[in-house]
Amino acid sequence: MKEIRVRFAPSPTGYLHVGGLRTALYNYLYAKKNNGKFILRIEDTDRNRYVEGAVENLTAALNWAGLDYNEGPDIGGNYGPYMQSQRLEIYKKHADELIAKGEAYYCFCSAERLQKLREEQEKQKLPQAKYDKHCLSLSKTEIEQNLKNNLPYVIRLNVKPNQKIIFDDIIRDRVEFDSNNVDDQVLIKSDGYPTYHLANVVDDHLMEISHVIRGEEWLSSTPKHVLLYDAFKWERPKFAHLPLLLNPDKSKLSKRQGDVAVEDYRDKGYLKEALINFVALLGWNAGDDKEFYYMNELIEKFSLDRVNKAGAVFDIQKLNWLNAEHLRKMHDDDILKLLKKEILNSQFSTLNLPDNYLFQIITAMKERVAFVKEFITTCQYFYTPTTEYEQKSVEKNWKPETPEHLRKLIDEFKLLDNPSKEDFEHAFGKTAEQLGIGKGKLIHPLRLAVSGQSTGPGMFDLLFILGKDEVIKRIEKAIEVLG
Ligand code: GLU
C-alpha cells in the first residue's frame, strides 16, 4: 500500500488561525493514526501578502500545540524545498509542459482589455466573469513575436467547455462541477510567480501527497485542480474538505466576534491540551458523547469518515470548560511549571516562594480554577497579606462582638506548636464551644480576616498553608482595620 502523506499548506498571513489549527490537527491525526507522514509546506507565492516573521510565527504555534511535522521548511526532508517561493523554476517548467501539450496557453491581454471584458459580462448579467479565450487563437508566430518583444503575459489553463468535472470527496462523497463555470485560470502570473492552483497541484504531486485534507473554502478550487491533474496525466490525491467554522450566530468565524489566532489563545493562558481537544471536536466526533480527549486518544480514535459536512460552531464556553477539565487532570508538577511562569509575569515576580508552598496552593485551588493564572488572581491572599475586605461580607459577617471572638481564637492558636490542619480545626472548634456560638458565626469572620474574601478553599487548608504566625498577624490586622 502507498504511504500516507498529508500536508498542512498555509499561506504565511502572520498568525495561525484556529481554523488552520483544526486543518493541521486533522492532517496530523490522520498521519499518526496511519503511520504516515505529516508535512508542512508554506504557500508564499502571493508576494503582495508577504508578512515579515510569519513563517516563524506559524512554526512556533504548531510547535506549541505539539503538531510536529516530519518534513518542513525549517527541518528539511526528501521532497524540499518546502517554501513555494523557492520552487519557481519547478512551476515554470510544468507550465511550459502544459503549453506544449495544448493544455495551457500564453495570454497577453492588457489589464484594460480584461477590465472591459468584465464590464461587458457584468452588463450581460453573467453569473461570473470569465476570460473569453481571446489569446488561445494566437498563432505560433504571434506568440513568439510577443515574447521577443517582452510583452507582459500570463499563462492560462485551457478549460474545455461542456464537460462534467467529477471527483470524490471523503466527507462530501461525489462532487460535480460544470466546466462551463470554470474560468481559464491563470497558472503563472505576469510577475513570473505561479498562482495557488498550479503550485498547489504540482507540489502535492511531487511531494507524493496521498490525501488533501483542507477547509471547505477550497472546495470550489478543486475542479481546477482536478483538471490540472488530468492535464498532467497524474493520479489525483484523495480529497477531504473540512466543514466551515461558525460563530454561535452561524456566521462564518470572524475576528469581529472573538479571537481567531492560536497565539491569542496561548497568550490568554489556554492550555494546549484543551485547545487541541476543543479544535478536534469542531467537525468530528468518535460516535459517542465523549468530549474529553488527550492527543494520544485522538490519534487512536480519529477517522475522516466521522468528519461532518455541516459547519461547526465555535463555542468558547466549551473551550473554557475543557480548559478547566484539563487543568484539573494535569499533574501538579506540570501545573507548578506553568504557575511559576505566570508568577514571573505577574506583580509577584520578585517573590521567591518555595515549591512546597506553591504545591499547597495548587492542591487547595485546583478544583476552583479554570486557568493557571487563576492560581494567582483568585487567591492573591496566598501571595500578599490582605489589605482589603469584601464589603458585602463585612456587612453581613463582621459583628460588634467579632473582634472579641477572634481575639479568643488568636489566644487558642498561640498555644499551638507547628500546627497541622487538624490542629487548627481542633482549636477552632474548641474556641467556638467555649464562646458558646455556632461555628458558622466564627468561620465567616475568620475567612474574611485572613483572606479578605467570603469564598475560597477549605478554611483549615487556608490556615495551614498560611501558617500560624501569618494567620495571627492577619487576624490582628483585620481587627485593627475593621474594628
Ligand atoms: N495555501 C492554502 C491556504 O492558505 C492551502 C489550501 C490547501 O490546503 O490546498 O490555506
Side-chain angles (χ1 to χ4, degrees), residues 4-31 36-51 54-55 57-59 61-62 67 69 71-73 79 81-88 90-91 157 167 169-172 175 177 185-187 189 193-229 232 234 236-245 252-255 260-262 279 282-283 304 307:
I4 301 290
R5 289 175 56 82
V6 293
R7 83 310 191 262
F8 177 47
S11 299
T13 53
Y15 61 92
L16 177 57
H17 192 286
V18 280
L21 180 68
R22 198 264 315 258
T23 301
L25 175 64
Y26 284 15
N27 275 285
Y28 174 85
L29 295 175
Y30 192 72
K37 295 278 181 325
F38 173 51
I39 293 133
L40 174 65
R41 181 175 75 225
I42 302 295
E43 302 208 325
D44 59 344
T45 58
D46 188 347
R47 302 319 277 168
N48 299 328
R49 288 175 60 195
Y50 180 77
V51 179
V55 177
N57 285 354
L58 258 167
T59 51
L62 289 173
L67 302 184
Y69 35 89
E71 300 165 27
Y79 298 77
Y82 295 89
M83 301 270 284
Q84 288 189 328
S85 57
Q86 294 169 14
R87 300 170 64 84
L88 300 183
I90 301 175
Y91 308 126
L157 179 65
F167 57 90
D169 185 283
I170 297 173
I171 297 159
R172 271 145 233 279
V175 184
F177 283 85
Q185 197 62 53
V186 173
L187 302 177
K189 296 177 275 188
Y193 277 76
T195 55
Y196 156 67
H197 306 290
L198 178 70
N200 190 269
V201 166
V202 167
D203 287 349
D204 282 345
H205 174 73
L206 295 181
M207 294 181 182
E208 296 184 27
I209 298 302
S210 61
H211 294 69
V212 167
I213 305 169
R214 64 183 168 205
E216 187 182 311
E217 58 271 36
W218 303 103
L219 188 64
S220 58
S221 297
T222 310
K224 296 165 193 165
H225 299 179
V226 163
L227 290 178
L228 278 168
Y229 283 105
F232 282 118
W234 290 341
R236 302 172 186 176
K238 297 214 168 13
F239 294 103
H241 287 90
L242 309 175
L244 289 177
L245 298 189
K252 204 175 156 195
L253 187 70
S254 68
K255 252 188 186 160
V260 291
V262 169
V279 160
L282 290 174
L304 287 171
V307 175

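Order of listing sets the numbers, starting from 1, for every ligand and every atom in it.
- Evaluation of the salt bridge (charged side-chain N to carboxylate O under 4.0 Å, His left out) rule for K37 yields E3 as partners, not counting sequence neighbours.
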Using a 3.5 Å cut-off on N/O to N/O, what pairs does ligand 1 make with the protein? A line per pair would be great.
| unit_1 | atom_1 | unit_2 | atom_2 | d |
| --- | --- | --- | --- | --- |
| ligand 1 | 1 (N) | A9 | O | 2.8 |
| ligand 1 | 1 (N) | S11 | OG | 3.2 |
| ligand 1 | 1 (N) | E43 | OE1 | 2.6 |
| ligand 1 | 4 (O) | S11 | N | 3.2 |
| ligand 1 | 4 (O) | S11 | OG | 3.1 |
| ligand 1 | 8 (O) | R7 | NH1 | 2.7 |
| ligand 1 | 8 (O) | R7 | NH2 | 3.4 |
| ligand 1 | 9 (O) | R7 | NH2 | 3.0 |
| ligand 1 | 9 (O) | Y196 | OH | 2.8 |
| ligand 1 | 9 (O) | N200 | ND2 | 3.0 |
| ligand 1 | 9 (O) | R214 | NH1 | 2.8 |

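- In this structure, R7 forms no cation-pi arrangement with Y79, as its terminal cationic atom is not both closer than 6.0 Å to the ring centre and no more than 45° off the ring axis.
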For this session: Evaluate the criterion side-chain hydrogen bond (donor to acceptor under 3.5 Å, both in side chains) for residue pair R214 and T222; output intermediate values, then yes/no.
Result: CA-CA 11 Å; R214 64 183 168 205; T222 310; 3.0 Å; yes

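- The shortest distance between side-chain heavy atoms of L228 and Q185 does not fall below 4.5 Å.
- Using a 3.5 Å distance cut-off with no hydrogens or angles, the side chains of E71 and Y82 do pair a donor with an acceptor.
- For F232 and H205, the gap between ring centers reaches or exceeds 6.0 Å.
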